[in-house]
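Letters go in sequence order (proteins before strands), and every chain restarts at 1. All values derive from a computational prediction rather than experimental measurement.
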Amino acid sequence: AQSVTQPDIHITVSEGASLELRCNYSYGATPYLFWYVQSPGQGLQLLLKYFSGDTLVQGIKGFEAEFKRSQSSFNLRKPSVHWSDAAEYFCAVGGGGTSYGKLTFGQGTILTVHP
Amino acid sequence: ETGVTQTPRHLVMGMTNKKSLKCEQHLGHNAMYWYKQSAKKPLELMFVYSLEERVENNSVPSRFSPECPNSSHLFLHLHTLQPEDSALYLCASSQDPPPRGTNSPLHFGNGTRLTVT
């Protein structure tokens, strides 16, 4: 069975500081990995995705994530955080083929940004 | 504009009421989903429709009844709910099948915040 672990429930950083949100997954085949962001009262917005190829993927809003197969990780990073990045972040894993859309999500990491 | 519109945004209902949640997608996708988001729990997949046929039903209680009349519209009919059903209900859509070697990302609506009293 596939699973996703986000070890940090809540992270606080200062504006302008760097950010890394951790994600570890368990999946029996080649994983398809995603990061979503959810602002209060909103749905989930796709930040970036990894299917294959270059293990460092770029997303929107200046975010990037690195796929490390040996560590079963897909950590999200941003070099300089903005106050508008405060939100909840979800890592998700899925498979290709008939597993379309059937994503398994982590519990989320709430990001607080101090001015 | 997310491309996936959900109504209503908020709903309060008693345990004996019958109500429906509506979702509409404007992205040309042909697969639609209902997810449940409860406090302090991961998102739970409830139902999947592909080409208007239900292809997934994750042991959801029968008090939740989905309907997909066409590839652009999805409903979730609710009746005799319990207080523990209070949650954010998210609709999503994607393209099925995805391009070879990829997985079509989910596009989410803003959700309906449901409170059962």
Only pairs under 3.5 Å count here: list side-chain donor-acceptor contacts from residues 53-65 of chain A, not counting sequence neighbours, and write none if there are none.
| residue | atom | partner | partner atom | Å |
| --- | --- | --- | --- | --- |
| A:D54 | OD1 | A:L56 | N | 3.1 |
| A:Q58 | NE2 | A:E64 | OE1 | 3.2 |
| A:K61 | NZ | A:Q45 | OE1 | 3.2 |
| A:E64 | OE2 | A:R77 | NE | 3.4 |
| A:E64 | OE2 | A:R77 | NH2 | 3.3 |

Item to complete: Would you check, one step at a time, whether the test side chain to side chain contact (heavy atoms under 4.5 Å, CB included) holds for B:L88 with A:Q38?
Response: CA-CA 12 Å; B:L88 181 68; A:Q38 185 179 33; 3.6 Å; yes
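Within the 4.5 angstrom heavy-atom criterion, only side-chain atoms of B:L90, from C-beta onward, approach chain A. Proximity to chain B is limited to the side chain of A:L46, based on heavy atoms less than 4.5 angstrom apart. Neither the backbone nor the side chain of B:R113 comes within contact range of chain A; no heavy atoms are under 4.5 Å apart. Neither the backbone nor the side chain of B:Q6 comes within less than 4.5 Å of any heavy atom of chain A.
When all heavy atoms of A:G43 and B:N110 are compared, the closest pair comes out as N-OD1, 3.0 Å.
B:M13 is connected to B:M15 through a chain of hydrophobic side-chain contacts under 4.5 Å among Ile, Leu, Val, Met, Phe, Trp and Tyr, so both are in one cluster. Under a hydrophobic clustering in which Ile, Leu, Val, Met, Phe, Trp and Tyr are joined whenever their side-chain heavy atoms come within less than 4.5 Å, directly or via other members, B:V48 and B:F75 fall into different clusters.
Counting only distance, with no hydrogens or angles, the side chain of A:Y36 and the backbone of B:F108 share no donor-acceptor pair below 3.5 Å.
The contact list for residues 105-115 of chain A toward chain B, using heavy atoms and a distance under 4.5 Å, reads A:F105, A:G106, A:Q107 by residue number.
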